[in-house]
Each structure stands twice: as C-alpha cells, then as structure tokens.
Protein chains: 2
Amino acid sequence: MTSAQTDRAAVPWAHTDEADCQHASRILEIVGQRWSPSILLALARGAQRFTEITTVVAGLSSRMLTLRLKQLESARLVERTVIPTTPVSVRYRLTPQGLDLITALQPIAGFVQRWEPRDRS
Amino acid sequence: MTSAQTDRAAVPWAHTDEADCQHASRILEIVGQRWSPSILLALARGAQRFTEITTVVAGLSSRMLTLRLKQLESARLVERTVIPTTPVSVRYRLTPQGLDLITALQPIAGFVQRWEPRDRS
DNA sequence: CTGGATCCCTATCGATACTG
DNA sequence: CAGTATCGATAGGGATCCAG
C-alpha cells in the first residue's frame with residue numbers, strides 16, 4: 001500500500017494512456033456540452049426534425065440547437081439530410097457512430113442510478 | 001408508441017427518461033470539463049499529491065487543478081485528505097464512486113478506439 | 001508544497017429579431 | 001419549417017503573483 005495498491009494488470013484503465021485520454025476528452029467535451037445529451041437522447045428516441053427536437057427538449061433554443069447539431073455533425077455523430085420538398089425539410093439522424101456512442105454512454109446512466117439520491121414518493 | 005420504429009424493449013436507452021438525462025448531464029458536464037478526464041485518469045493511475053497531478057498532466061495549471069478538484073470533491077468523486085505534517089501535505093484519492101465512474105467511462109475509451117482514425121500521417 | 005487572489009481576454013449562452 | 005444575425009451578460013481559462 002505504498003504508492004499504487006492497485007494491480008495494473010487487473011484494472012482496465014491502467015493501460016489507458018494519455019493519447020487515449022486526449023481522444024476521450026474530445027468526445028466528453030462534446031457530449032458534456034450543455035444540451036448535447038438531451039439532443040442525442042431525443043435523436044435516439046426517434047426525433048428527426050429540427051423543430052421536433054426543440055419541442056422535445058424543453059428550454060432549447062433554435063440557436064443552441066443549430067450550434068450543437070453542427071458540432072455533432074462534424075464529430076460524425078449525427079447526419080443531416082436535406083429533403084428537397086417545398087418547403088425543404090431537414091432530417092437529422094444518428095450515425096452508426098452516434099448510436100455506438102449512445103451505447104457507450106449507457107454505463108453512465110447506470111452509474112447515475114447507482115449513486116444519485118433517488119427521491120421516492 | 002407513436003413514431004418510434006425502434007423496439008423499446010430491445011434497446012436500453014429507450015427507457016432512459018428525461019430525468020435520467022438530466023442527472024447524466026450533470027455528470028457529463030463535470031467530466032466533460034477541460035482537464036477533468038486527465039485528472040481522473042491521473043488519480044486512477046495512482047497520483048495522489050497536488051503537485052504530482054500538475055506534473056503528470058501536462059499543461060495543467062495549479063489554478064485549474066484547484067478548481068477541478070473542488071468540483072470533483074463536491075461531486076463526491078474525489079476525497080481530499082489533509083495530513084498534518086510540516087509542511088502539510090494533502091492527498092487526493094478517488095472515492096468508490098469515483099472509481100465506479102472511471103469504470104463507467106471505460107466504454108468511451110472503447111468507442112474512441114473503434115472510431116478515432118489512427119493517425120498515420 | 002498547496003493553493004488563493006487578480007487581471008484580462010475569449011468563448012459561450014440566452015434573448016430577441018429576422019429570413020428564405 | 002429551419003435556421004441566421006446581433007447583442008449583452010456571464011462564465012471559463014491562462015498568466016502571473018503571492019501566502020501559509
């Protein structure tokens with residue numbers, strides 16, 4: 001129990017190096033942004049239209065949604081499709097990568113449920 | 001069911017509700033902060049002293065470390081222990097909750113390795 | 001060694017108004 | 001419907017200096 005009482009071979013994060021951490025940080029900084037989780041959740045649940053997302057996510061302005069969607073799109077988590085009707089409609093969908101991220105985020109939900117004080121009525 | 005073509009019973013995030021999302025957002029906003037992942041990683045790998053962390057995490061100033069540690073502490077992810085030597089030394093450790101968070105963050109590392117383009121310029 | 005206090009610049013956000 | 005433009009307030013972050 002001197003410096004590291006943990007077994008490096010047994011714990012998965014032991015061989016997470018700085019480079020991985022940098023990469024993970026970028027993802028976490030995107031996902032950690034305000035509104036990002038809510039937007040991803042909305043998309044995961046089937047929302048596709050711009051206005052639909054602003055409706056589902058309470059308090060989200062169109063301005064912020066635009067900003068977030070651009071980020072998520074350049075992170076290749078969300079795909080934007082323009083359908084040339086009149087007027088044009090735009091559809092947003094999670095990419096396979098985005099879906100994978102949602103899956104990777106699931107343990108966080110579990111963590112929250114384990115530790116967050118549940119108010120039961 | 002309305003417009004969701006997904007099977008609610010099959011996909012785990014389907015029954016993630018807004019409340020869970022709010023809770024998860026708070027965690028993600030903390031973890032997504034600049035330096036937070038690096039600090040958590042440093043602690044997970046055995047760093048305990050203040051200066052040790054600033055050394056391990058390149059570019060991290062004492063000011064930012066102070067701020068982040070306070071956040072992590074009030075989120076109950078990190079525990080601060082003062083050892084009354086002369087001069088006093090302070091030890092930071094991950095709480096069980098903090099360790100659990102690290103574990104919950106592991107899939108993110110997996111995600112990154114799956115999708116991040118390996119840089120071979 | 002472990003921070004706290006300032007300064008100062010920038011990024012971010014919300015509100016509002018406007019457009020094709 | 002799906003955004004863009006602008007503004008003002010605030011929060012974040014780096015640099016620097018200081019203190020117990």
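Residue numbering restarts at 1 for every chain, and letters A, B, ... go by the order of the sequence lines.
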Distance (rounded to the nearest 0.5 Å) between B:Gln33 CD and B:Gln71 CD: 4.5 Å

Side-chain heavy atoms of A:Leu67 within contact of A:Met64, under 4.5 Å: yes

Positive for side-chain contact (heavy atoms from CB on, under 4.5 Å) with A:Leu94, one of A:Leu40, A:Asp100, A:Leu77: A:Leu40

Nearest-Å distance, [atom1] ([X]) to [atom2] ([N])?
{"X": "A:Gln33", "N": "C:dG14", "atom1": "CD", "atom2": "C1'", "answer": "15 Å"}
{"X": "B:Glu29", "N": "C:dC13", "atom1": "CD", "atom2": "P", "answer": "9 Å"}
{"X": "B:Leu60", "N": "D:dG13", "atom1": "CG", "atom2": "C1'", "answer": "12 Å"}
{"X": "B:Arg34", "N": "D:dG14", "atom1": "CZ", "atom2": "C1'", "answer": "9 Å"}
{"X": "B:Gln48", "N": "C:dT2", "atom1": "CD", "atom2": "C1'", "answer": "16 Å"}
{"X": "B:Arg49", "N": "C:dC1", "atom1": "CZ", "atom2": "P", "answer": "8 Å"}

Stretch residues 63-76 of chain A: residues that reach within less than 4.0 Å of DNA chain D through a heavy atom: A:Arg63, A:Thr66, A:Lys70

Selection from C:dG14, C:dG3, D:dG13 that lies nearest to any side-chain heavy atom of B:Phe50: C:dG3

For a quick test of reading the model, state the closest non-hydrogen atom pair linking [X] to [Y] and the distance between them.
{"X": "B:Tyr92", "Y": "B:Leu43", "value": "O-CD2, 3.7 Å"}
{"X": "B:Ala104", "Y": "A:Phe111", "value": "CB-CB, 4.1 Å"}
{"X": "B:Arg80", "Y": "B:Val90", "value": "CG-CG1, 3.7 Å"}
{"X": "B:Ile39", "Y": "B:Arg68", "value": "CD1-CB, 3.4 Å"}

Sugar-phosphate only, base, or nothing, as touched by B:Arg80 at under 4.0 Å among non-hydrogen atoms: sugar-phosphate

Sugar-phosphate, base or nothing in reach of A:Ser62, heavy atoms under 4.0 Å: base

Look at the side-chain N and O atoms of [X] and state whether any lies under 4.0 Å from the OP1 or OP2 oxygen of [N].
{"X": "A:Trp35", "N": "C:dT12", "result": "no"}
{"X": "A:Thr51", "N": "D:dA2", "result": "yes"}
{"X": "A:Tyr92", "N": "D:dC1", "result": "no"}

